[in-house]
Amino acid sequence: MIGLTGTIPPSIGRLQSLQKLHLYNNNLTGTIPPSITNLTMLGDARLFTNQLSGPIPTELGKLVNLAHLELGGNLLTGPIPGSIGNLDKLQYLEMFDNFLTGPIPNEIGNLRNLVTLIMSKNNFTGNIPSAITNLTRLRYLAASKNRLSGHLPEHIGHLTDIQEIYLYKNQLTGSIPLSLGNLTELSYLYLYENKLSGSVPYVLGSLANLVELSLSSNVLDGQLPSNLGNLQNLETLYLYYNRLSGSVPESFGNLKNIKDLRLIRNRLTGQLPQTLSNLTNLVDIELTWNSFTGRMPELCQGSKLQWFSASNNYFNGSFPRSFKNCSSLIILDIMYNQMDGDITQELSGVYPHLEFIGLTSNKLRGQLPTSWGSSNNLTEIFLAENMITGHIPHDLTKLKNLRKLDLYSNSLTGEIPSEIVELTNLYMMDLSRNKLSGNIPNQIGQMVALEVLDLSSNQLNGTVPKEIGQCLGLQSVKLNNNSLSGSLPGSIGNLIHLQTALDVSHNNLSGAIPSEIGKLDMLESINLSHNQFSGGIPNSVAGMRSLSIFDVSFNNLEGSVPQGIHNVSLVWFLHNRGLCGELVGLQSCHSNPANHKKKGQKLLLEVGIPILAAIICITAGVSMALNWRKKSSQESGTVARTAVFSVWNFNGIMAFEDIINATDNFDEKHRIGEGGYGQVYKASLPDGQVVAVKKLHPMDEEPQKEEKGFHREIELLAQIRQRSIVKLYGYCSHRQYKFLVYQYIEKGSLASILSDMEQAVQFDWQKRATLIKDVAQAICYLHHDCCPPVIHRDVTSSNILLDAEFKAFVSDFGTARLLKPDSSNWSALAGTYGYMAPELSYTPLVTEKCDVYSFGVIALEVLMGKHPGEFLNSPNFLREEGTVLREHLDHRPPAPKTDEQEEITRLISVASQCLQNSPQERPNMQQVH
């Protein structure tokens with residue numbers, strides 16, 4: 001109150017005639033001295049917003065004259081003492097935002113004069129005691145953000161004077177009591193983010209004074225009661241994230257004061273009633289992820305609508321006429337529907353407040369409205385996958401705050417306006433799969449914020465401007481499938497932050513590959529194929545540590561392939577003039593050039609397809625290995641003559657023997673880990689190479705069927721190359737041995753790092769944020785860049801490995817599918833308890849969204865330093881970023897800096913989205929990445 005510090009002195013108990021004690025809003029520390037209970041005349045004690053710690057004194061019940069007690073905003077711990085029930089004069093009790101634990105004592109029901117009870121944001125557990133219904137004078141009840149469980153008290157209807165109830169963000173179960181219908185004075189009812197089930201009670205329609213009703217994020221089902229339309233005073237209705245079905249009642253059109261209506265993520269169907277056009281006070285209506293059909297009603301009749309989201313439904317037809325002049329709009333999101341209107345006419349109004357417009361994946365016609373150029377606050381435009389025609393309007397280049405422009409897969413024509421380079425805040429521009437022509441603007445270097453540039457699959461010509469090298473923030477560049485000519489400028493080497501892709505394939509580019517390309521040390525994929533590049537491959541490419549793909553096929557290249565290119569594959573170098581190298585399938589640079597063409601043709605005929613050039617089944621080698629094993633150990637029984645063994649970049653015969661020797665026939669002393677699919681051994685080979693060998697558990701499949709499926713899947717997994725995924729070097733498959741040979745990652749698993757104090761301290765916040773991003777990119781690659789997509793099925797902290805620099809490598813990818821490729825019951829192979837998506841408890845279907853959920857668990861585990869446990873039951877709680885940052889971050893590394901705190905906050909938000917109970921509600925990994 002006046003900046004007091006220090007502790008409350010024990011001598012305060014001598015002031016026995018004290019009636020008021022106001023010490024709030026100070027910096028007082030220490031415990032509440034027990035001597036305070038000597039102040040028997042005390043009627044008003046306000047100690048809120050300090051740093052007081054320790055328990056509430058058990059002798060509190062001695063303060064029999066206390067009418068007002070405020071203890072909120074401190075660091076108090078322990079339970080509420082049962083002696084509190086002695087304070088029968090107490091009218092106001094507030095203990096908000098502490099660390100109090102234990103159940104709410106039954107004795108609290110003795111406080112029959114209590115008008116206000118606030119105990120939110122603590123760690124209370126157990127049921128809400130039924131004795132609380134004795135507080136018949138209670139007007140305000142708040143016990144939100146705790147861990148309360150059980151049912152709502154059946155007789156809560158006895159609290160007939162209550163006006164506000166806040167019990168959200170707990171773990172309450174059961175149905176909503178019908179006795180709530182007796183609370184005729186109730187204005188605010190917040191029960192969201194619990195586990196309440198059953199239907200929305202019909203009796204709520206009789207609560208005429210209700211202003212705000214939030215039942216979101218529960219498991220409520222059934223239909224919406226039609227009598228909710230009787231709530232003439234209702235301004236806010238939140239029913240999102242439930243399982244409600246049926247249609248929206250016509251009576252909802254009677255909610256004349258409704259401002260905020262949210263029905264997201266339910267199972268609602270049918271057409272929206274046209275009576276909703278009567279809601280002239282509507283400001284926010286959110287209908288995303290339902291199954292609504294038909295035409296939309298006129299929802300902006302009152303010209304107050306600011307937020308309209310209805311993505312992922314089946315709305316069709318034209319836009320409501322009222323949208324054209326709905327100048328109040330801030331968010332307009334109708335993505336993934338079947339709208340087929342003409343946006344030139346129907347959305348050509350002036351929207352001065354508009355920030356986001358999302359119309360992706362509809363059937364929209366017409367041209368981009370020029371009027372949008374006056375929407376100065378517009379930051380994101382998503383219009384992909386429609387039938388938009390015409391040019392990109394020059395007026396759009398006036399949108400100086402625009403950050404995302406996504407127009408891919410339309411029928412846009414004409415040139416890219418040169419003025420588009422003035423959008424200096426733009427960081428994502430996707431104009432791919434259109435019919436754009438002309439040159440890439442030479443002034444593109446002005447777009448300094450650009451991170452993602454995709455101009456692929458158009459009709460662009462001219463050259464790749466050297467000015468592109470000034471866009472230093474670029475992470476992905478795709479210019480493929482155009483008619484670009486000239487050389488690839490050396491300035492491309494300035495783009496040191498390129499990470500995902502550099503793709504200029506299927507153009508008419510010529511000249512030498514610039515040596516500066518070797519500077520792109522973070523880049524994962526380079527595709528220069530199907531051009532007319534000549535000369536040699538720069539040696540600098542071999543030093544690109546992150547490179548997973550380097551495709552220069554179908555060019556005019558010659559000379560030697562530099563040694564040391566990562567994850568090298570023959571297919572990258574086919575159909576060139578004269579490349580040679582120490583790669584199986586290429587002519588050796590020391591051989592007779594006259595034989596090169598003949599040998600190359602012969603090899604291609606033998607292998608048939610490029611992948612078989614990389615996966616060589618050395619049958620003879622295996623036979624020799626079998627004989628060797630039989631001689632060395634009769635007991636082991638070892639390898640059948642039908643075995644297949646292949647290790648890329650190794651000699652098959654020697655590699656097999658070396659692995660058996662290096663592990664002493666898989667002796668326990670070489671074992672470094674164990675998972676659900678097998679045991680992992682460390683093998684130090686004679687040439688100094690260290691590999692990890694996963695010896696798989698035997699499966700119960702028929703041998704022939706099992707072997708066929710194994711080989712089919714291994715060919716798919718062998719093609720996986722991404723810098724944050726453990727590399728698969730090879731495999732062995734026969735009756736007794738079935739093992740995989742992987743890249744060895746020295747530091748061990750993420751789980752082991754987080755459980756080790758010394759390692760956890762070194763694992764600072766920058767490393768942790770980078771690890772989360774790397775894991776996201778790796779899973780995104782498996783889901784969206786592999787064909788067919790690979791679902792990991794077991795993303796855990798034990799399957800994420802770290803190298804000496806704490807860089808992440810995802811392991812065990814696709815192993816479940818590898819072992820049972822034809823399984824119809826994936827849930828049996830779909831992960832580890834604590835990381836498995838909740839839907840696997842009721843469906844055998846494993847999708848990419850299961851991996852997304854597991855990623856969310858990993859993200860929190862990295863930030864918290866331990867498995868998130870209880871937070872998985874209430875992911876929306878994570879959005880209370882201040883609570884999570886203050887109370888639950890790992891305290892072992894140095895405290896995060898300001899910019900690191902911002903990044904942590906963003907990662908928490910991403911994790912909470914990934915952890916939503918409904919798989920449809922989770923983002924995909926492209927959106928996360």
Review point. Looking at side-chain heavy atoms only, is the closest gap between L196 and V219 below 4.5 Å?
Key: no

Review point. In terms of side-chain heavy atoms, does N146 have a donor or acceptor partner in N170 at a distance below 3.5 Å?
Key: no

Practice item. Give the minimum heavy-atom separation between S206 and N227, together with the two atoms involved. Key: N-ND2, 4.4 Å

Practice item. Check L186 against I165 and note the closest heavy-atom contact, atom names and distance. Key: CD1-CG1, 3.9 Å

**Study point:** Nearest atoms (heavy-atom pairs only) where D851 meets H783
**Key:** OD2-NE2, 2.8 Å

Check your understanding: OH of Y166 to CG of L191: how many Å apart, nearest 0.5 Å?
Key -> 11.5 Å

Review point. Is a side-chain N or O of N266 found less than 3.5 angstrom from the main chain of I264, in a donor-acceptor match?
Key: yes

Review point. Quick one: does T236's side chain have a donor or acceptor within less than 3.5 Å of a partner on E212's backbone?
Key: no

Practice item. Would you check if the side chain of N312 reaches a backbone N or O of T288 as a donor-acceptor pair within less than 3.5 Å? Key: no

Check your understanding: Considering only heavy atoms from C-beta outward, does the side chain of N924 approach that of H784 to under 4.5 Å?
Key -> yes

Study note, to complete from the structure: Closest non-hydrogen contact found for R922 with V852 is CB-CG1, 4.0 Å

**Study point:** With F319 via ring pair (Phe, Tyr, Trp, His ring centres under 6.0 Å) - residues at least two apart
**Key:** none

Review point. If you measure from NZ on K169 to CG on N194, what distance do you get to the nearest 0.5 Å?
Key: 11.0 Å

Review point. Are any side-chain N or O atoms of S361 and backbone N or O atoms of Y336, one a donor and one an acceptor, separated by less than 3.5 Å?
Key: no

Practice item. Please test N799 against D794 for side chain to side chain donor-acceptor pair (under 3.5 Å), starting from the C-alpha separation and ending with a verdict. Key: CA-CA 8 Å; N799 284 335; D794 195 22; 3.3 Å; yes

Point to revise | Gap between atom CG of L189 and atom CG of L180 - 0.5 Å precision | key: 6.0 Å

Review point. Sub-3.5 Å donor-acceptor pair from the side chain of D221 to the main-chain atoms of R243, do we have one?
Key: no

**Study point:** Residue pair R262 / Y238, side-chain donor-acceptor N/O under 3.5 Å
**Key:** yes

Practice item. With the side chain counted from C-beta on, respond yes when R768 and L771 share a heavy-atom pair under 4.5 Å apart, and no when they do not. Key: no

Practice item. Under the salt bridge (Lys or Arg N to Asp or Glu O under 4.0 Å) rule, what do E903 and K773 come out as? Steps first, then yes or no, please. Key: CA-CA 11 Å; E903 180 66 8; K773 294 175 186 176; 3.1 Å; yes

Check your understanding: Do any N or O atoms from the side chain of S854 and from the backbone of C850 form a donor-acceptor pair under 3.5 angstrom?
Key -> yes

**Study point:** Distance-only donor-acceptor check, side chains Y835 and S797, under 3.5 Å
**Key:** yes

Check your understanding: Quick check: does any side chain N or O of D284 sit under 3.5 Å from a backbone N or O of D260, one acting as donor and the other as acceptor?
Key -> no

**Study point:** W307 atom CH2, neighbour heavy-atom count above 12 within 6.0 Å
**Key:** no

Review point. Short question: side chain of T275, backbone of E250 - any donor-acceptor pair under 3.5 Å?
Key: yes

Review point. Which atom names give the shortest non-hydrogen contact between I108 and I104, and what distance separates them?
Key: CG2-CG2, 4.1 Å

Review point. Heavy atoms, side chains only, cut-off 4.5 Å: are R147 and F124 in contact?
Key: no

Study note, to complete from the structure: Between the CG atom in L263 and the OG atom in S309, the distance rounded to the nearest 0.5 Å is 10.0 Å

Exercise for review: Please confirm whether the backbone N or O of R137 pairs with a side-chain atom of D161, one donor and one acceptor, at under 3.5 Å?
Suggested key: no

Check your understanding: Centroid-to-centroid, F308 to F323, below 6.0 Å?
Key -> yes

Practice item. Compare all side-chain heavy atoms of N233 with those of L210 and state whether any distance is below 4.5 angstrom. Key: no

Exercise for review: Could you check if a side-chain atom of F292 sits within less than 4.5 angstrom of a side-chain atom of T269, using non-hydrogen atoms only?
Suggested key: no

Practice item. Could you please spell out the steps behind the side chain to side chain contact (heavy atoms under 4.5 Å, CB included) verdict for L135 and L111? Key: CA-CA 7 Å; L135 309 179; L111 307 179; 4.3 Å; yes

Review point. Does the side chain of Y140 reach to within under 4.5 Å of the side chain of I118, using non-hydrogen atoms?
Key: yes

Review point. Is the distance between the ring centroids of Y192 and Y240 under 6.0 Å?
Key: no

Practice item. Give, for atom CG of L272 and atom CZ of R295, the distance between the pair rounded to the nearest 0.5 Å. Key: 13.5 Å

Check your understanding: When you look at T116 and L93, which way does the side chain to side chain contact (heavy atoms under 4.5 Å, CB included) test go after all the steps?
Key -> CA-CA 6 Å; T116 299; L93 175 59; over 6 Å; no

Study note, to complete from the structure: In terms of heavy-atom contacts, L750 and V862 come closest through CD2-CG2, 3.7 Å

**Study point:** Reference residue N281; test side chain to side chain donor-acceptor pair (under 3.5 Å); the match among K304, K259, Q301
**Key:** K304

Exercise for review: Using atom types as modelled and distance alone, determine if a side-chain donor or acceptor of S179 lies under 3.5 Å from a backbone N or O of G157.
Suggested key: yes

**Study point:** Evaluation steps, side chain to side chain contact (heavy atoms under 4.5 Å, CB included), between L282 and I258
**Key:** CA-CA 6 Å; L282 202 58; I258 196 78; 4.1 Å; yes

Review point. Rounded to the nearest 0.5 Å, how far does CG of L159 lie from CG of N182?
Key: 10.0 Å

Exercise for review: May I have the step-by-step check of side chain to side chain contact (heavy atoms under 4.5 Å, CB included) for N337 and N316, ending in yes or no?
Suggested key: CA-CA 7 Å; N337 278 278; N316 57 38; over 6 Å; no

Review point. So do L255 and L228 actually touch side chain to side chain, heavy atoms under 4.5 Å?
Key: no

**Study point:** Residue E154 excluded, over 12 heavy atoms near CD under 6.0 Å
**Key:** no

